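Read through the structure below, which is laid out as structure tokens, and then see the notes.
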Amino acid sequence: MTELPTRTDRKMGLVIDLDTCVGCHACVISCKGWNTENYGAPLSDQNAYGADPSGTFLNRVHSYEVQPSPCASQPNPAAQLVHFPKSCLHCEGAPCVTVCPTGASYKRVEDGIVLVNEDNCIGCGLCAWSCPYGARELDLAEGVMKKCTLCVDRIYNENLEEVDRVPSCVRTCPAGARHFGDLGDPDSDVSKLVAARGGMDLMPEMGTKPVNKYLPPRPKDQIEDQIDILAPLLAPVAEDPKGFLGWLDKALDKLPGQTSGGAS
């Protein structure tokens, strides 16, 4: 069995904003694509176009309707939909590592990322059994356990542009709900974000010390002034158009069937 390192040089991980995630599954698709084409064995699908399809995914998004607790200012808070992405949390006390009988699961000292040596994996499933988050999946085609690698083949790849040296899910998220960095550095952007927004561990009672953090959703019915994001686009550019627009308005006004003062 593999022993966990007593310390790691860094704690690379994700910060996921539950207030921003829209449940579009772009992170799921990009993760599937990148990890099928690159690191390790491809992520297989079974009966993909049949009546009962299944497959291996390293990242999944669950959606829940939640009811916020009443408070003095909101005695009857409105229920809201929360989209909850879930993948390996790269725990400091990862039980999936210590339970592995072949040493295939291990946690790296240099960055704290938990990986699987697929050459040593026998697909026994003990790591999946021990993970309280359900973050491990057995690839039925390859017979090995698969999990999020934080795209270790991207984040250190100097052949990629600097902006692309982040996990595929982070690079793809259209809502900016996923953030990546060193959570062991209190001055990193992700650590500051966690401190500012009250980032939390998933199931802290399990004692696994997950590196990944979640930013809690904010009650949507407590926003005093609702902002219409389309308002700037719908507002008139000018009451009295000038330049090209002014000339075009006058030209259209002269067309047959038009009334004075503008096109009809």
Side-chain angles (χ1 to χ4, degrees), residues 12-39 42-49 52-68 78-90 133-137 139 146-155 160-181 183 189-190 193-194 196-203 210-223 226-234:
M12 305 305 292
L14 299 173
V15 174
I16 299 174
D17 192 346
L18 301 181
D19 189 58
T20 306
C21 177
V22 297
C24 67
H25 287 73
C27 56
V28 176
I29 301 305
S30 67
C31 172
K32 179 85 167 183
W34 179 265
N35 287 284
T36 292
E37 300 163 1
N38 293 280
Y39 182 89
L43 305 181
S44 68
D45 293 307
Q46 285 72 47
N47 197 25
Y49 302 101
D52 188 23
S54 65
T56 307
F57 290 83
L58 309 187
N59 180 48
R60 297 179 183 267
V61 178
H62 307 277
S63 296
Y64 304 95
E65 187 174 89
V66 300
Q67 180 65 58
Q80 60 188 95
L81 185 65
V82 175
H83 304 290
F84 191 85
K86 187 186 68 176
S87 58
C88 173
L89 289 92
H90 300 274
Y133 309 111
R136 295 249 178 163
E137 299 203 12
D139 190 290
K146 304 289 293 188
K147 61 174 296 299
C148 164
T149 67
L150 286 180
C151 289
V152 70
D153 52 339
R154 284 177 63 99
I155 61 177
L160 297 176
E161 297 291 337
E162 186 69 29
V163 70
D164 290 321
R165 295 180 200 170
V166 294
S168 179
C169 61
V170 175
R171 187 71 174 99
T172 304
C173 180
R178 304 176 74 91
H179 308 269
F180 173 71
L183 286 150
D189 290 341
V190 286
L193 185 60
V194 169
R197 287 281 307 282
M200 56 189 182
D201 290 347
L202 179 60
M203 298 166 59
V211 172
N212 288 8
K213 307 298 180 187
Y214 286 92
L215 305 181
R218 291 169 282 200
K220 300 298 186 288
D221 57 354
Q222 293 185 12
I223 302 177
Q226 296 293 332
I227 301 173
D228 186 354
I229 61 173
L230 295 179
L233 302 177
L234 299 177

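All of these numbers come straight from a predicted model, not from anything done at the bench. Hydrogens, waters and symmetry mates are skipped; everything else that's a heavy atom, side chains included, is used.
Between Pro68 and Gln80 the shortest side-chain heavy-atom distance falls below 4.5 Å. The side-chain heavy atoms of Asp164 and Arg154, taken from C-beta on, include a pair separated by under 4.5 Å. With contacts defined as side-chain heavy-atom distances shorter than 4.5 Å, the pair Leu43/Phe57 does not qualify. Taking the side chain as every heavy atom from C-beta outward, Leu183 and His90 never approach each other to under 4.5 Å. Counting heavy atoms from C-beta on, the side chains of Ser44 and Thr56 come closer than 4.5 Å. The shortest distance between side-chain heavy atoms of Val170 and His179 does not fall below 4.5 Å. At least one side-chain heavy atom of Lys213 sits less than 4.5 Å from a side-chain heavy atom of Asp201. Within the 4.5 Å cutoff, the side chain of His25 has no heavy atoms near those of the His83 side chain.
Shown here are the salt bridge (charged side-chain N to carboxylate O under 4.0 Å, His left out) partners of Arg178, two or more places apart in sequence or in another chain: there are none. Listed by chain and residue number, nothing satisfies the salt bridge (charged side-chain N to carboxylate O under 4.0 Å, His left out) test with Lys86 (two or more places apart in sequence, or in another chain).
Among all heavy-atom pairs drawn from Pro53 and Ala48, the shortest one is CB-O, 3.6 Å. Nearest heavy atom pair, residue Phe180 against residue Gly13, reads CD1-O, 3.3 Å. When every heavy atom of Pro85 is checked against every heavy atom of Leu18, the shortest pair comes out as CD-CD2, 3.9 Å. When all heavy atoms of Leu14 and Ser87 are compared, the closest pair comes out as CD1-OG, 4.4 Å. Heavy atoms only, all atoms of each residue included: Glu65 and Ala79 are closest at CG-CB, 4.2 Å. Closest approach of Cys31 to Leu58, counting heavy atoms only: SG-CB, 3.6 Å.
Dense packing is recorded around CD of Gln67, with more than 12 heavy atoms of other residues, nucleotides or ligands lying under 6.0 Å away.
Panel note: side chain Thr172, backbone Cys169; no donor-acceptor pair is recorded below 3.5 Å. Under a 3.5 Å cut-off, the side chain of Tyr133 and the backbone N or O of Leu202 do form a donor-acceptor pair.
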